[in-house]
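Contents: one structure, followed by commentary.
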Amino acid sequence: MDVKIAPSILSADFGRIVEQIGQVERNGASYVHLDVMDGVFVPNITWGPKVIADLRKRTKLVFDCHLMIVDPERYVDRFREAGAEIITFHLEATTHAQRLLGHIRSIGAKAGISICPQTPVAMLEDLAGDFDWVLIMSVNPGFGGQRFIPHALEKIREARELRERSHAKFEIEVDGGISLENVRSVAAAGADVVVIGSAIFDTPDCGRTTKQFRELLDGASAT
Ligand code: DX5
Ligand code: ZN
């Protein structure tokens, strides 16, 4: 079990963003998790492709782009051009998820699908061969710093069962409310990638905290 860390820069200090990305990169992060919000699908607004393209030049970490926007099919090409290697949209945000997953693959990105807390894993059953990445929300999307919803642990286990049953290869990412206290239970439930926002960037030294998460996860895999 090698659980990867995807720091969410939603909680980073944008006046020091390149420096902070460098700190998490040097201390065990594998991805940069980029939360794109449109103020419609979620009640918050962040950034678009220009910011991602600029950051793309400043780090070697893989860009994991989490689209919390309505009609994601209108924008995926632009996020791909900006340098997103993984593009995840919400099942709840589009009518034709299967077609969009195929399109994301066709433009050379990993195709990700995300489900909000109210959406059961069973809704992904007929798509299991069509995505490379599933993002299970463990908070209601929109803001950092919210409390982890424990039922997400059961959903991680269900996603693993779906993967086995369907002989699919997708990775399981979990996003929201992950802390030094609960990260091992998320890993033990079967997450491949953990998104961590405020628990890294709301600490005085984001590099040191990333290292603490890395050590906890490495310890968990040794036992
Ligand atoms: C929430 C975002 C998350 C957020 C996680 O809608 O999708 O990626 O940044 O932040 P924390 O880890 O603080 O819950
Ligand atoms: Zn996210």
Side-chain angles (χ1 to χ4, degrees), residues 3-14 17 20-21 24 28-48 51-52 55 61-70 72 75-76 79 84-93 109-119 131 133-153 155-156 159 171-187 189 191-204 206 209-210 212-214 216-217:
V3 179
K4 297 199 165 62
I5 299 174
S8 163
I9 59 169
L10 184 64
S11 293
D13 176 353
F14 266 73
I17 189 63
Q20 292 196 332
I21 290 175
V24 299
S30 299
Y31 302 97
V32 178
H33 183 84
L34 296 144
D35 290 299
V36 177
M37 305 187 186
D38 65 356
V40 180
F41 183 70
V42 289
N44 195 5
I45 299 175
T46 56
W47 49 77
V51 168
I52 293 176
L55 294 177
L61 292 175
V62 174
F63 273 17
D64 159 26
C65 185
H66 177 194
L67 300 179
M68 285 161 276
I69 62 176
V70 297
Y75 292 100
V76 292
F79 285 103
E85 284 105 344
I86 302 160
I87 301 177
T88 300
F89 63 91
H90 271 265
L91 179 62
E92 301 89 356
K110 277 194 184 180
I113 193 145
S114 183
I115 51 173
C116 288
Q118 82 273 13
T119 303
F131 55 87
W133 187 271
V134 61
L135 173 46
I136 294 176
M137 289 305 303
S138 41
V139 297
N140 284 290
F143 300 95
Q146 302 181 80
R147 191 183 288 269
F148 185 86
I149 298 171
H151 182 62
L153 296 174
K155 292 171 80 169
I156 298 166
E171 286 171 82
I172 301 169
E173 181 178 50
V174 184
D175 183 5
I178 296 178
S179 65
L180 286 166
E181 287 68 42
N182 65 17
V183 71
R184 277 178 297 192
S185 59
V186 176
D192 301 304
V193 183
V194 288
V195 178
I196 306 165
S198 55
I200 284 180
F201 291 105
D202 287 357
T203 64
C206 60
T209 312
T210 303
Q212 284 180 299
F213 274 102
R214 188 65 271 153
L216 265 182
L217 290 167

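Both ligands and their constituent atoms are indexed starting at 1 by order of listing. Scope of the values below: all heavy atoms of this structure, side chains included, with no hydrogens, waters or symmetry mates. Since the model is a prediction, treat every value here as computed from it, not as a measurement.
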Margin query: Closer than 3.5 angstrom, by distance alone: can the side chain of Asn182 be matched with the main-chain N or O of Ser185 as a donor-acceptor pair?
Written below: no
Margin query: For residues 4-13, which residue pairs pass the side chain to side chain donor-acceptor pair (under 3.5 Å) check, not counting sequence neighbours?
Written below: Ser8-Asp35
Next item on the list: For His33 and His66, run side-chain contact (heavy atoms from CB on, under 4.5 Å): C-alpha distance rounded to whole Å, both residues' side-chain angles, the deciding distance at 0.1 Å, then the answer.
Entry: CA-CA 7 Å; His33 183 84; His66 177 194; 3.4 Å; yes
Note to self: Are the side chains of Thr209 and Ile196 in contact, using a 4.5 Å heavy-atom criterion?
What the structure shows: no
Next item on the list: Mind listing the protein N/O/S atoms less than 2.8 Å away from the Zn ion (ligand 2)? Waters don't count.
Entry: His33 NE2, Asp35 OD1, His66 ND1, Asp175 OD2
Note to self: Could you walk me through whether Thr88 and Cys65 satisfy the side-chain contact (heavy atoms from CB on, under 4.5 Å) test, starting with their C-alpha distance in whole Å, then the side-chain angles of each, then the deciding distance to 0.1 Å, before giving a yes or no?
What the structure shows: CA-CA 6 Å; Thr88 300; Cys65 185; over 6 Å; no
Note to self: Show, in sequence, the C-alpha distance, side-chain angles and deciding distance for Ile21 and Ile9, and conclude whether the side-chain contact (heavy atoms from CB on, under 4.5 Å) test is met.
What the structure shows: CA-CA 8 Å; Ile21 290 175; Ile9 59 169; 4.2 Å; yes
Check: Trp133 and Tyr31: aromatic ring centres closer than 6.0 Å?
Finding: yes
Notebook entry, point to check: Would you say Tyr75 has more than 12 foreign heavy atoms packed within less than 6.0 Å of its OH?
Noted result: no
Check ligand 1 for close polar pairs with the protein: N or O on both sides, less than 3.5 Å.
unit_1: ligand 1; atom_1: 6 (O); unit_2: Gly142; atom_2: N; d: 2.7
unit_1: ligand 1; atom_1: 7 (O); unit_2: Asp35; atom_2: OD1; d: 2.9
unit_1: ligand 1; atom_1: 7 (O); unit_2: His66; atom_2: ND1; d: 3.3
unit_1: ligand 1; atom_1: 7 (O); unit_2: Asp175; atom_2: OD2; d: 2.9
unit_1: ligand 1; atom_1: 8 (O); unit_2: His33; atom_2: NE2; d: 3.4
unit_1: ligand 1; atom_1: 8 (O); unit_2: Asp35; atom_2: OD1; d: 3.1
unit_1: ligand 1; atom_1: 8 (O); unit_2: Asp35; atom_2: OD2; d: 2.9
unit_1: ligand 1; atom_1: 8 (O); unit_2: Asp175; atom_2: OD1; d: 2.7
unit_1: ligand 1; atom_1: 8 (O); unit_2: Asp175; atom_2: OD2; d: 3.0
unit_1: ligand 1; atom_1: 9 (O); unit_2: Ser8; atom_2: OG; d: 2.7
unit_1: ligand 1; atom_1: 9 (O); unit_2: Asp35; atom_2: OD2; d: 3.3
unit_1: ligand 1; atom_1: 12 (O); unit_2: Gly197; atom_2: N; d: 2.8
unit_1: ligand 1; atom_1: 13 (O); unit_2: Gly145; atom_2: N; d: 2.8
unit_1: ligand 1; atom_1: 13 (O); unit_2: Ser198; atom_2: N; d: 3.0
unit_1: ligand 1; atom_1: 13 (O); unit_2: Ser198; atom_2: OG; d: 2.5
unit_1: ligand 1; atom_1: 14 (O); unit_2: Gly177; atom_2: N; d: 2.8

Next item on the list: Taking side-chain hydrogen bond (donor to acceptor under 3.5 Å, both in side chains) as the test, write out the residues that go with Ser198, two or more places apart.
Entry: none
